[in-house]
**Student:** 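Would you mind keeping the following structure in view while I ask a few things?
Just so you know, these numbers use all the heavy atoms, side chains as well, and skip hydrogens, waters and symmetry mates. Note on naming: letters A, B, ... go to the chains in the order of the sequence lines (proteins, then strands), and numbering restarts at 1 for each one.
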2 protein chains.
Amino acid sequence: MTDYITLLKANDLKATIQRTSILQSIDHAGHINIDDIYDDVKKQYPTLSLATIYKNIIVMQENNVIVEVPLNGEKSKYELKKDEHMHLICDSCGFIMDTEITSQTKETLVIENFQLKSSQINLFGLCKKCQ
Amino acid sequence: MTDYITLLKANDLKATIQRTSILQSIDHAGHINIDDIYDDVKKQYPTLSLATIYKNIIVMQENNVIVEVPLNGEKSKYELKKDEHMHLICDSCGFIMDTEITSQTKETLVIENFQLKSSQINLFGLCKKCQ
DNA sequence: ATAATTGCAAATTTTTTGCAGGTTC
DNA sequence: GAACCTGCAAAAAATTTGCAATTAT
């Protein structure tokens with residue numbers, strides 16, 4: 001909890017109970033969409049409104065606290081901002097797992113005439129449990 | 001034009017003028033969102049409705065004619081279904097360029113305990129013109 | 001004390017649906 | 001001719017906004 005307060009303040013945001021509970025929900029789930037955050041935080045703070053979540057998702061993205069994970073055919077999920085990584089997404093159970101992008105992979109992604117700044121890599125397939 | 005008719009029929013869809021013009025719009029743009037398709041096709045077919053575009057985007061995805069490209073902070077774009085490739089996305093002008101995923105890259109993406117089926121790779125940075 | 005944030009309700013935007021008439025094969 | 005597709009208008013879902021009351025620093 002203290003962690004989220006520190007995280008918010010370090011990024012110039014006031015530490016409200018609404019924000020810390022949204023962050024806790026995202027952190028706990030790993031990757032989660034807005035409706036599921038709402039269901040989650042309402043358990044503890046029944047008056048926390050959906051509008052507040054929308055507003056804070058925007059402001060926390062702007063302040064580099066969280067990151068959007070856009071997905072095909074469903075609403076975007078959000079994750080805490082972390083070091084660069086890629087996503088292993090299970091076609092069967094939908095679970096999203098973070099994995100390091102190896103230096104070997106990075107070396108192969110140097111492209112001529114393109115000044116690379118960042119990357120988004122999603123790998124789809126079957127996770128250990130589902131295969 | 002004939003190409004789009006063939007493409008649709010090959011994928012069990014009736015070749016209507018609405019569908020061929022949507023495909024032409026997507027093909028011409030490379031990557032384009034629903035509103036821009038709408039603006040585009042209305043020039044030729046002013047009565048073509050947004051509802052028809054929504055319905056066809058869904059059915060053409062289901063029938064493997066087009067593919068969604070989900071993006072952070074904006075509406076998804078759509079492209080014609082093509083061979084596996086990655087996207088170079090310019091942070092400055094927004095242009096999306098298709099590029100081959102090299103076999104060297106693929107080799108580095110073999111992960112233990114994950115049965116890879118497909119991948120989505122977006123690289124962000126500056127294109128030749130914008131750097 | 002000040003400036004920012006919240007929750008509510010209303011407004012707006014986006015997407016989906018139902019159905020009568022038209023089109024494709 | 002059968003099945004499917006379209007356009008319209010209406011419905012539903014998702015997101016944003018304005019503002020008075022509250023809260024963080």
**Student:** Using a 4.0 Å heavy-atom cut-off, write out nucleotides 14-25 of chain C from 5' to 3' as B (base contacted by protein), S (sugar-phosphate only) or - (no contact).
**Tutor:** SSBBB-----BS
**Student:** In whole angstrom, give the distance that lies between atom CE of B:Met60 and atom P of D:dC4.
**Tutor:**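 The answer, rounded to whole Å, is 18 Å.
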**Student:** Taking atom P of D:dT16 as reference, at what distance in whole Å does atom CD1 of A:Ile53 sit?
**Tutor:**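 Checked: the CD1 to P distance equals 13 Å.
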**Student:** Please give the angle, rounded to 10 degrees, between the axes at the start and the end of the helix from C:dA1-D:dT25 to C:dC25-D:dG1, where five pairs define each axis.
**Tutor:**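 Taking five pairs per end, the axes differ by 60°.
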**Student:** Taking side-chain hydrogen bond (donor to acceptor under 3.5 Å, both in side chains) as the definition, give me every residue that meets it alongside A:Lys82, ordered by chain and number, with sequence neighbours left out.
**Tutor:**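 For A:Lys82, the residues satisfying side-chain hydrogen bond (donor to acceptor under 3.5 Å, both in side chains) (neighbours in sequence not counted) are A:Glu79, A:Asp98.
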**Student:** Side-chain heavy atoms under 4.5 Å apart, restricted to Ile/Leu/Val/Met/Phe/Trp/Tyr: what other residues fall into the cluster of B:Val110, or is it alone?
**Tutor:**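 Its cluster mates, by chain and number: none.
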**Student:** With a 4.0 Å limit, can you tell me whether A:Asn56 has a side-chain N or O closer than that to the phosphate oxygens OP1/OP2 of C:dT6?
**Tutor:**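 Answer is yes, contact under 4.0 Å.
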**Student:** Could I get the full list of side-chain hydrogen bond (donor to acceptor under 3.5 Å, both in side chains) partners for A:Lys81, not counting sequence neighbours?
**Tutor:**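 Residues passing side-chain hydrogen bond (donor to acceptor under 3.5 Å, both in side chains) with A:Lys81: A:Asn64.
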**Student:** For C:dG7, take OP1 and OP2 only and decide whether either is under 4.0 Å from a side-chain N or O of A:Thr47.
**Tutor:**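 Yes.
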**Student:** List for me each residue that meets side-chain contact (heavy atoms from CB on, under 4.5 Å) alongside A:Lys128, sequence neighbours excluded, and say none if there are none.
**Tutor:**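 So A:Lys128 forms a side-chain contact (heavy atoms from CB on, under 4.5 Å) with B:Asn113.
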**Student:** Does D:dT23 have its OP1 or OP2 closer than 4.0 Å to a side-chain nitrogen or oxygen of A:Gln18?
**Tutor:**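 No.
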**Student:** Quick one: B:Glu74 CD to D:dT15 C1', roughly how many Å, whole number?
**Tutor:**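 Rounded to the whole Å, the gap is 17 Å.
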**Student:** Suppose clustering is done on Ile, Leu, Val, Met, Phe, Trp and Tyr with side-chain heavy atoms closer than 4.5 Å. Which residues sit in the same group as B:Leu71?
**Tutor:**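 In the cluster with B:Leu71 are B:Val69, B:Ile89, B:Ile96, B:Phe124.
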**Student:** Check the distance between D:dC4's P and B:Asp12's CG and give it to me in whole angstrom.
**Tutor:**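 Answer to the nearest Å: 12 Å.
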**Student:** Are a donor atom and an acceptor atom from the side chains of A:Asn72 and B:Gln61 found within less than 3.5 Å of each other?
**Tutor:**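 Checked: A:Asn72/B:Gln61 side chains show no N/O donor-acceptor pair below 3.5 Å.
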**Student:** OP1 or OP2 of C:dG7 sitting under 4.0 Å from any side-chain N/O of A:Thr52?
**Tutor:**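 Looking at the OP1 and OP2 atoms of C:dG7, one of them is under 4.0 Å from a side-chain N or O of A:Thr52.
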**Student:** Just to verify, what does A:His87 make a ring pair (Phe, Tyr, Trp, His ring centres under 6.0 Å) with, not counting sequence neighbours?
**Tutor:**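 A:His87: ring pair (Phe, Tyr, Trp, His ring centres under 6.0 Å) contacts with A:His31, A:His85.
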**Student:** Using atom NZ of B:Lys42 as one end and atom C1' of D:dG7 as the other, report the distance to the nearest whole Å.
**Tutor:**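 Rounding to the nearest Å, NZ of B:Lys42 and C1' of D:dG7 are 13 Å apart.
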**Student:** Could you tell me if A:Ser76 and A:Glu68 have a donor-acceptor pair between their side chains, going purely by distance under 3.5 Å?
**Tutor:**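 The criterion, which ignores hydrogens and geometry beyond distance, is satisfied for A:Ser76 and A:Glu68.
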**Student:** Does A:Lys75 have any side-chain contact (heavy atoms from CB on, under 4.5 Å) partners at least two apart in sequence or in another chain, and if so, which?
**Tutor:**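 Testing A:Lys75 for side-chain contact (heavy atoms from CB on, under 4.5 Å), a comparison that skips the adjacent residues, returns A:Asn33, A:Asp35, A:Tyr54.
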**Student:** Given atom CZ of B:Arg19 and atom C1' of D:dC4, what is their separation to the nearest angstrom?
**Tutor:**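 Rounded to whole Å, this separation is 8 Å.
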**Student:** Find the distance A:Tyr38:OH to D:dA13:P and express it as a whole number of Å.
**Tutor:**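 Checked: the OH to P distance equals 15 Å.
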